[in-house]
Amino acid sequence: MLMPFRDLLERRRAGSAIGAFTCYDLEQAVAVLRAAESAETGVILLLASRSFGGEEGDVLAGALVVAAARSAAPACVQLDHSSDLGAIERALAAGVGAVMADGSKLPYAENVALVRDAVERAAAAGAGVEAELGSIAGDEDFAVAATAGAFTDPAEAAAFVAETGVDCLAVSIGNVHGAYRERPVFDWDRLRALCDGVAVPLSLHGSSGVPDAMITRSIALGIGKINVNTELREAYLAATVEALPVAVAGAWLSALHRAQTDAVAGVVCAKLRTFTSGAA
Ligand code: 13P
């Protein structure tokens with residue numbers, strides 16, 4: 001069932017975080033929703049902005065919204081990382097429950113202006129907004145080894161949230177999208193200050209490749225939403241390679257799709273266990 005972004009975050013069990021998983025197709029969406037149903041937890045389906053910008057982007061957005069609405073798990077579809085107000089408007093029209101207005105590459109005042117505009121448009125559609133302050137390095141759709149970008153300043157983050165009225169803030173504390181060039185190291189004091197000083201839930205992007213112990217420590221400090229993509233793509237592609245010979249031999253497409261869905265659901269189940277392991 002569809003649940004507003006803010007409700008999903010606010011109603012999460014104390015000591016847990018909401019998982020947000022990128023879905024490039026229906027196989028992935030079905031896998032994520034199935035895992036959330038069996039974990040009896042809410043979930044967010046992320047729509048990558050490059051997928052949404054493709055020719056069939058509106059169709060994919062609509063399909064994710066329908067899949068989320070039909071699920072027994074409380075779910076919300078979110079357009080991930082977009083600095084394009086036109087795309088944000090189109091995604092809202094397609095029925096997404098949240099957008100990430102990403103002005104992290106802009107100067108502070110322009111980031112504020114972008115996010116304020118997005119908050120106004122989203123409010124008119126009954127949707128929520130996430131923003132980013134500091135800069136999370138790496139690519140969102142393919143895995144290149146990256147080192148951390150500019151870290152989020154706690155005082156600036158508190159002011160940014162107050163100025164924009166955003167529902168959730170993505171922070172940079174040593175996390176990167178895709179692959180980590182070196183072992184991930186988080187700035188725990190900074191995360192503690194951010195969680196203590198910022199009035200809305202914080203999100204952790206770039207969780208693929210981060211050890212579970214670091215994830216649970218982030219949640220214990222107050223992280224409320226965790227984005228996962230790369231590990232899902234890896235599982236999907238490994239399952240595709242394994243299932244392909246049998247699928248090709250029998251021109252058996254449904255067997256290939258089942259293998260992909262099962263593989264992704266397995267990863268999501270494990271992630272959701274970690275994200276809820278500290279729940280009261
Ligand atoms: P990973 O690909 O590193 O899991 O990051 C996903 C993400 O943060 C999407 O916004």
Side-chain angles (χ1 to χ4, degrees), residues 5 8-9 17-24 28-29 31-32 35 43-53 60 64 76-84 87-88 91 96-105 128-149 151-152 166-186 191 201-212 214-215 218-219 223-238 263-264 266-272 274-275:
F5 184 65
L8 260 183
L9 291 172
I18 294 288
F21 302 92
T22 311
C23 299
Y24 292 91
Q28 285 192 293
V32 171
V43 77
I44 293 168
L45 306 184
L46 295 173
L47 172 61
S49 63
R50 281 196 194 104
S51 318
F52 187 57
L60 177 60
L64 296 187
C76 177
V77 179
Q78 179 184 24
L79 175 66
D80 205 12
H81 293 285
S82 180
S83 57
D84 176 354
I88 285 173
V96 305
V99 296
M100 181 183 187
D102 181 359
S104 60
K105 293 187 178 64
V129 178
E130 175 178 348
E132 176 175 326
L133 200 60
S135 174
I136 302 164
D139 192 275
E140 287 133 35
D141 298 297
F142 63 93
V144 278
T147 45
F151 285 9
T152 310
V166 79
D167 301 296
C168 177
L169 185 70
V171 292
S172 174
I173 55 162
N175 46 319
V176 305
H177 290 117
Y180 284 77
R181 190 178 295 279
E182 281 133 27
R183 190 175 58 84
V185 177
F186 287 179
L191 180 58
L202 301 182
S203 68
L204 181 71
H205 286 229
S207 71
S208 293
V210 178
D212 282 354
M214 289 174 69
I215 296 290
S218 305
I219 298 169
I223 283 287
K225 170 178 181 271
I226 301 187
N227 284 20
V228 191
N229 183 351
T230 305
E231 284 188 41
L232 269 50
R233 302 200 309 273
E234 288 169 348
Y236 184 115
L237 291 169
V264 172
V267 176
V268 176
C269 277
K271 293 290 175 193
L272 291 177
T274 304
F275 298 170

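By convention here, the first residue in the shown sequence is residue 1. All ligand and atom numbering here is 1-based and tracks the order in the structure.
Every residue meeting the side chain to side chain contact (heavy atoms under 4.5 Å, CB included) condition with A170, not counting sequence neighbours, appears here in chain and number order: M100, E130, E132, I136, S203, H205. Taking the salt bridge (charged side-chain N to carboxylate O under 4.0 Å, His left out) definition, one finds that E140 meets it with nothing, sequence neighbours left out. Among residues two or more places apart in sequence or in another chain, the side chain to side chain contact (heavy atoms under 4.5 Å, CB included) test is passed with D84 by S82, A87.
F5 places none of its side-chain heavy atoms less than 4.5 Å from the side chain of V129.
With rounding to the nearest 0.5 Å, the separation of CG in L79 from CG in L45 is 13.0 Å.
Closer than 4.0 angstrom to ligand 1 lie heavy atoms from D80, H81, V176, H177, G178, H205, G206, S207, S208, N227, V228, N229, T230.
Remark: R50 engages D139 in a salt bridge, criterion side-chain N to carboxylate O under 4.0 Å.
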